[in-house]
Amino acid sequence: MSEEKGKTLFFQREDISVPIPLFLESTGNKTLSNILPAILHSVHKGGLLVIDEFSSGFHDKLEELIVRYIMNNSTNTQLLLVSHSTNLLSNALLRPDQIYSVEMMGGEGSVLNRFSDEQPRVAQNLEKMYLSGVFGGIPEYETDKE
């Protein structure tokens with residue numbers, strides 16, 4: 001393991017007496033330290049915040065906490081998240097008109113599917129509906145075609 005030259009960022013935890021350098025941290029903590037300044041800036045100053053591969057290495061609860069923080073603390077921020085995490089597909093977190101799936105159409109490009117087009121009821125489980133193919137966007141792999 002090689003440490004990057006220059007200054008090093010450390011994480012201090014309540015239950016561990018030795019600070020941990022960022023390069024030894026988990027993928028989720030590294031990702032969080034990279035996107036946190038952009039999140040805080042957009043919440044306080046407004047604007048469009050685009051995060052690709054949002055949930056890379058995050059625990060489900062942290063994903064939800066970040067989305068709730070942005071939604072509850074900003075008044076002038078538009079949020080665009082790209083994620084493969086299905087736990088964000090919840091009526092308790094997002095409305096169906098705020099959620100889209102992308103369906104790849106091979107050489108023809110892709111199609112954007114808005115969840116609200118299927119008119120799900122509030123009590124329905126959006127994650128379960130997505131995984132069963134209702135909203136499209138489920139990738140096909142060679143083993144699926146056999």
Side-chain angles (χ1 to χ4, degrees), residues 1 4 7-16 19-146:
M1 278 185 232
E4 294 180 21
K7 296 183 181 182
T8 302
L9 181 63
F10 287 86
F11 278 75
Q12 180 67 50
R13 300 202 176 144
E14 289 181 12
D15 55 343
I16 300 175
I20 300 171
L22 180 60
F23 71 91
L24 292 177
E25 276 291 346
S26 67
T27 301
N29 283 345
K30 289 176 187 176
T31 301
L32 182 61
S33 69
N34 285 329
I35 68 171
L36 193 56
I39 291 171
L40 295 174
H41 178 80
S42 66
V43 166
H44 296 291
K45 301 289 184 181
L48 174 63
L49 177 61
V50 179
I51 304 174
D52 189 18
E53 296 295 340
F54 168 69
S55 55
S56 182
F58 290 162
H59 188 278
D60 294 351
K61 289 187 177 197
L62 180 58
E63 292 173 352
E64 185 176 332
L65 178 73
I66 292 169
V67 171
R68 284 191 191 282
Y69 174 80
I70 294 167
M71 292 174 66
N72 292 334
N73 293 287
S74 73
T75 57
N76 196 22
T77 301
Q78 186 171 5
L79 179 61
L80 175 63
L81 299 177
V82 178
S83 176
H84 292 252
S85 179
T86 60
N87 72 295
L88 295 173
L89 304 178
S90 165
N91 280 318
L93 183 62
L94 299 167
R95 298 184 317 264
D97 66 313
Q98 296 174 307
I99 307 170
Y100 294 79
S101 67
V102 177
E103 191 156 8
M104 306 306 288
M105 306 299 282
E108 300 172 27
S110 57
V111 174
L112 197 61
N113 301 309
R114 191 175 193 174
F115 278 34
S116 60
D117 289 348
E118 296 299 325
Q119 301 178 345
R121 294 185 307 275
V122 174
Q124 287 184 289
N125 184 326
L126 297 178
E127 180 180 23
K128 197 175 204 178
M129 291 175 72
Y130 167 75
L131 292 172
S132 68
V134 171
F135 306 114
I138 300 291
E140 275 191 33
Y141 299 103
E142 289 299 319
T143 56
D144 292 341
K145 295 177 183 179
E146 294 175 348

- Message: For the OG1 atom of Thr27 and the CG atom of Leu32, what is their distance to the nearest 0.5 Å?
- Response: 12.5 Å
- Note on the structure: Rounded to the nearest 0.5 Å, the CE atom of Met71 sits from the CG atom of Leu79 at a distance of 8.0 Å
- Message: I'd like to know if the side chain of Asn91 reaches the main chain of Gln124, judged simply by a donor and an acceptor atom lying under 3.5 Å from each other, with no hydrogens or angles considered.
- Response: yes
- Identify the two heavy atoms, one from Thr77 and one from Gly46, that lie closest to each other, and give their separation to 0.1 Å. OG1-CA, 3.6 Å
- Item | Spacing of CZ belonging to Arg121 relative to CE belonging to Met129, to within rounding of 0.5 Å | 8.0 Å
- Under 3.5 Å side-chain donor-acceptor pair for Ser55 and Ser83: yes
- Working to the nearest 0.5 Å, report the span between CD of Glu103 and CG of Asn113. 5.5 Å
- Query: Rounded to the nearest 0.5 Å, how far apart are CG of Asn87 and CD of Glu127?
  - Reply: 6.5 Å
- Query: Which heavy atom in Leu93 sits nearest to a heavy atom in Arg68, and how many Å separate them?
  - Reply: CD1-CG, 3.5 Å
- Distance-only, no hydrogens or angles: does the Ser110 side chain make a donor-acceptor pair with backbone N or O of Val102 under 3.5 Å? no
- Note on the structure: Of all heavy-atom pairs linking Leu9 and Ser33, the shortest is CD2-CB, 4.4 Å
- Which residue pairs pass the ring pair (Phe, Tyr, Trp, His ring centres under 6.0 Å) test when at least one of the two sits in residues 93-134, sequence neighbours left out? Phe115-Phe135
- Pairs where residues 45-91 contributes a residue and the test ring pair (Phe, Tyr, Trp, His ring centres under 6.0 Å) is met, not counting sequence neighbours: Phe54-Phe58
- Task: Check side-chain hydrogen bond (donor to acceptor under 3.5 Å, both in side chains) between Asn125 and all other residues, then give those that pass, not counting sequence neighbours.
- Result: none
- Task: Taking all heavy atoms of Leu88 and all of Glu64, pick out the closest pair and write down the distance.
- Result: CD2-N, 4.3 Å
- Message: Can you tell me how far apart CD1 (Ile39) and CG (Asn73) are? Round to the nearest 0.5 Å.
- Response: 11.5 Å
- Message: Counting C-beta onward and ignoring hydrogens, is there a side-chain heavy-atom pair between Ile70 and Ser42 closer than 4.5 Å?
- Response: no
- Work out which heavy atom in Gly133 is nearest to a heavy atom in Ile138; give both atom names and the distance. CA-CG1, 4.0 Å
- Item | Greater than 12 external heavy atoms within 6.0 Å of Gln78's CD | no
- Message: For the CD atom on Gln119, are there more than 12 heavy atoms of other groups (residues, nucleotides or ligands in this structure) within a distance under 6.0 Å?
- Response: no
